2 protein chains.
Amino acid sequence: MAKRSSLREIAEELGLSVPTVSRALGGYSDIALATRERVADAARRLGYEPNSAGRMLASGKSGYVGLVLPVGERQFVDAYLGAIVAGLSEGLAERDLQLMIAAVAPGHTPLDTIRKLVNARRVDGLVLTRIASEDPRIAFLLDRDLPFVTLGRQRDGMPDHPWLDVDDGAAFDHAIETLAGLGHRHVGLISITDDLTFARRREAATEAAASRLGLRLSRCAAARDDRRARHDGIASILAGKDRPTAILGLVDGIALDVLMIAARIGLSVPAELSVIGFDDISGSAYSAPPLTTFDPDNRQVGRLAAGMMHDLLTARDGAPTQMMCQAQFVSRATHGPAPLLE
Amino acid sequence: MAKRSSLREIAEELGLSVPTVSRALGGYSDIALATRERVADAARRLGYEPNSAGRMLASGKSGYVGLVLPVGERQFVDAYLGAIVAGLSEGLAERDLQLMIAAVAPGHTPLDTIRKLVNARRVDGLVLTRIASEDPRIAFLLDRDLPFVTLGRQRDGMPDHPWLDVDDGAAFDHAIETLAGLGHRHVGLISITDDLTFARRREAATEAAASRLGLRLSRCAAARDDRRARHDGIASILAGKDRPTAILGLVDGIALDVLMIAARIGLSVPAELSVIGFDDISGSAYSAPPLTTFDPDNRQVGRLAAGMMHDLLTARDGAPTQMMCQAQFVSRATHGPAPLLE
DNA sequence: CCTAGTTTCTAAAGCGCTTTAGATCCTGTT
DNA sequence: AACAGGATCTAAAGCGCTTTAGAAACTAGG
């Protein structure tokens with residue numbers, strides 16, 4: 001039932017021409033109001049929905065916004081992707097845009113994937129995540145003049161473009177301030193070596209805050225998916241009597257690892273060691289003790305990105321829009337006053 | 001640079017007609033091999049990628065598989081969506097299919113959303129999650145003869161269709177067996193009241209296993225997002241000296257709640273109470289103690305669904321394909337021998 | 001050397017929509 | 001009463017691709 005239903009069908013049914021029906025549904029004023037209503041009725045009655053391919057071809061717009069999926073990485077997938085996808089798709093749906101997810105096919109580079117999407121005119125715009133300090137995808141899209149929004153930024157000094165970022169600088173600064181206020185004089189930061197701008201920003205903010213407040217800062221970093229190296233790094237930072245009394249994890253996954261290792265070597269949290277993370281992933285509320293962290297509200301970030309995308313696609317003018325969101329401090333049970341070390 | 005690049009451009013460049021180029025790229029044998037190669041070269045050189053709208057319109061296929069996003073529910077989003085989206089998009093990308101995510105726009109029902117997608121010919125097939133015991137979406141798609149795969153099933157006795165499900169019956173049976181083997185004689189199951197088939201199946205499996213093994217079973221259930229009611233239910237099951245010595249959480253989120261409440265009322269896990277969950281969400285490894293649970297490998301489920309979808313879309317014949325996956329038992333630290341209760 | 005059969009390509013049409021350029025019919029002017 | 005101007009609709013074209021029918025050129029069979 002309810003077979004195809006095209007403009008032609010409506011036109012024939014009503015004794016009108018196809019363009020008239022098209023314009024009537026489009027609400028153009030050169031079609032008599034009465035006709036417009038007649039057409040709208042018929043469309044409703046027949047369950048008409050414009051064929052997307054026909055519309056795309058004629059209008060040159062696909063109605064799709066693409067999200068390029070970073071490869072692999074279980075970590076990323078769990079903590080981040082679901083929320084972003086949910087927020088984006090909700091935000092886009094409200095604006096009559098569609099979300100497509102483009103995974104990088106085996107044997108292809110992310111850039112290949114993007115190039116294909118753009119050349120096939122499959123998307124009107126793109127959303128990029130996991131931005132590197134000098135991201136080739138951004139250079140490509142800028143060159144091609146394809147609207148895009150990045151979730152995260154390149155390093156400072158790179159060409160301007162629309163982005164949406166969580167102010168992790170402010171968050172890590174706040175974390176250090178909080179710890180300093182609790183009497184900590186030596187803090188640690190466990191980071192990653194991957195070329196992701198957010199890592200560099202968080203490191204820089206931590207460093208700046210620490211030096212401003214006169215705190216000593218110990219750091220270590222390992223490749224994101226090299227759990228082993230990370231654990232070794234954490235363990236060695238925590239060993240020795242000259243250890244930091246508080247540790248910042250670049251992300252919750254790392255902070256939770258710190259918690260685990262602290263427990264293993266008999267360091268009690270927060271009495272002997274404070275730990276603060278970032279992301280508020282689902283596990284963080286249930287760790288022992290529950291992790292103090294920051295909630296970036298990624299779902300909301302997705303929604304906002306949808307709004308920016310829509311603006312780019314419609315009002316195509318003016319300077320690139322850029323937006324900074326604040327992550328909320330989630331104060332749980334892993335931070336407290338600095339212990340008295342001899 | 002690399003402006004449009006269409007079949008026409010290639011055709012003119014090579015002095016051929018458009019259909020010839022089309023068929024050459026399609027690898028048809030009625031085009032001379034030499035010509036095919038010449039065309040392929042030119043296409044590569046010009047960075048040609050077929051315009052998706054043109055192709056869709058002519059072929060009648062969109063190349064898209066839609067995933068209809070359940071509304072709201074932070075829980076769902078965190079635990080499940082990311083992995084499924086990742087798996088699906090990877091699996092589809094390998095097969096030259098695209099994934100689109102359709103959120104239900106405000107003021108619309110899920111069925112509206114699906115109907116729109118189908119009528120607009122936006123998708124060649126759909127993937128459905130969170131299946132109800134008698135799901136109207138399934139009835140609709142069956143009626144419309146649109147290929148689809150469900151992740152989860154309806155209750156037994158409903159019309160046949162392609163599905164992919166995790167064998168939670170086997171998992172819960174295994175959990176009960178394990179507990180019985182550890183000497184537990186009274187177990188609890190914390191469930192949800194929502195009309196989701198997996199909940200009913202898990203309950204039934206638990207009940208069957210318990211009665212088969214002669215265990216007493218206490219149950220409680222609350223609406224999935226009514227955290228308060230769930231907590232009250234858990235607390236009251238755990239109160240009283242006649243309490244169960246082991247609790248199964250329908251999902252990890254619930255099991256983690258049980259852990260929390262047990263800690264609050266001074267019940268030590270696993271010495272005094274065993275707890276087992278299902279899902280292996282990211283938090284489960286970090287809880288105190290780390291949660292024993294089942295890992296359904298949702299990413300793999302997504303990949304398999306992509307494969308099924310592809311089969312449906314190409315070989316469109318035979319009986320509906322149905323596939324059952326086994327969840328893997330993740331033995332961590334929340335289960336142990338039954339305590340000796342007086 | 002002519003007809004039949006291949007091989008290789010082109011012409012024409014159509015997918016369903018939008019857009020541009022008219023055409024047609026009124027209304028009111030002068 | 002003839003015409004400008006507005007209101008309302010239609011005809012034609014085209015978006016980029018695929019498919020079907022058929023043309024042209026060649027090969028082979030008798």
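Here is how names work: the chains are called A, B, and so on, in the same order as the sequence lines, proteins then strands, and each is numbered from 1. Predicted model, so just to flag it, every value in this text is computed and none were measured.
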Integer-rounded Å distance: dG16(D) P and R55(A) CZ: 18 Å
Which nucleotide in dC9(C), dT19(D), dG16(D) has an atom nearest any side-chain atom of T35(B): dC9(C)
Taking atom CG of D311(A) and atom CE of M308(A), what is their separation to the nearest 0.5 Å? 8.0 Å
How long is the line joining CZ of R122(B) and P of dC17(C), in whole Å? 13 Å
Any base atoms under 4.0 Å from S6(A), or only sugar-phosphate, or nothing? Heavy atoms, all strands. sugar-phosphate
Using the side-chain heavy atoms of L57(A), tell me which of these nucleotides is nearest: dG16(D), dC17(C), dT19(C). dG16(D)
On DNA chain C, compare the nucleotides closest to G54(B) and S17(B); which residue's is nearer the 5' end? S17(B)
Gap between atoms CZ and P, on R8(B) and dA11(C) respectively (whole Å): 14 Å
If you pin S59(A) and R38(B) to their nearest nucleotides in DNA chain C, which one's is more 5'? R38(B)
Looking only at dT20(D), dT19(C), dC9(D), the nucleotide nearest the S22(A) side chain is dT19(C)
Kindly indicate, with the supporting measurements, whether the criterion salt bridge (Lys or Arg N to Asp or Glu O under 4.0 Å) is fulfilled by R44(B) and D41(B). CA-CA 5 Å; R44(B) 203 169 313 115; D41(B) 276 354; 3.2 Å; yes
Could you tell me the separation between the CD1 atom of I10(B) and the C1' atom of dG16(D), rounded to a whole number of Å? 12 Å
note: N119(B), atom CG; dC17(C), atom P; distance rounded to Å ~ 12 Å
Neighbour count >12 (heavy atoms, 6.0 Å) for atom CZ, R55(A): no
Whole-Å gap separating P (dT19(D)) and NZ (K61(B)): 12 Å
Would you say dT7(C) has OP1 or OP2 under 4.0 Å from some side-chain N or O of Y28(B)? no
Candidate nucleotides dT18(C), dA11(C), dG14(C), ranked by approach to the side chain of A58(B) - the nearest: dG14(C)
L7(A) has a side chain; which of dC15(D), dT18(C), dC15(C) sits nearest to it? dT18(C)
F148(B) ring center within less than 6.0 Å of F140(B) ring center: no
Would you mind telling me which of dT18(C), dT8(D), dT18(D) lies closest to the side-chain atoms of V18(B)? dT18(D)
Ignoring the backbone of P50(A), work out which of dT18(D), dC17(C), dC9(C) is nearest its side chain. dC17(C)
Value in whole Å for how far the C1' atom of dT19(D) lies from CE of M56(B): 19 Å
Nearest to the side chain of T20(A) - dA11(C), dT18(C), dC9(D)? dC9(D)
Distance, rounded to the nearest Å, where E37(A) contributes CD and dT8(D) contributes P: 13 Å
Does a salt bridge link E13(B) with R45(B), judged by any charged N lying under 4.0 Å from a carboxylate O? yes
Check R121(B) with E49(A), please: is the shortest side-chain N to carboxylate O separation under 4.0 Å? no
The side chain of R23(A) is closest to which nucleotide in this list: dT19(C), dT8(C), dC17(C)? dT19(C)
Side chain of D30(B), heavy atoms from C-beta onward: which of dT8(C), dC17(C), dT20(C) has the nearest atom to it? dT8(C)
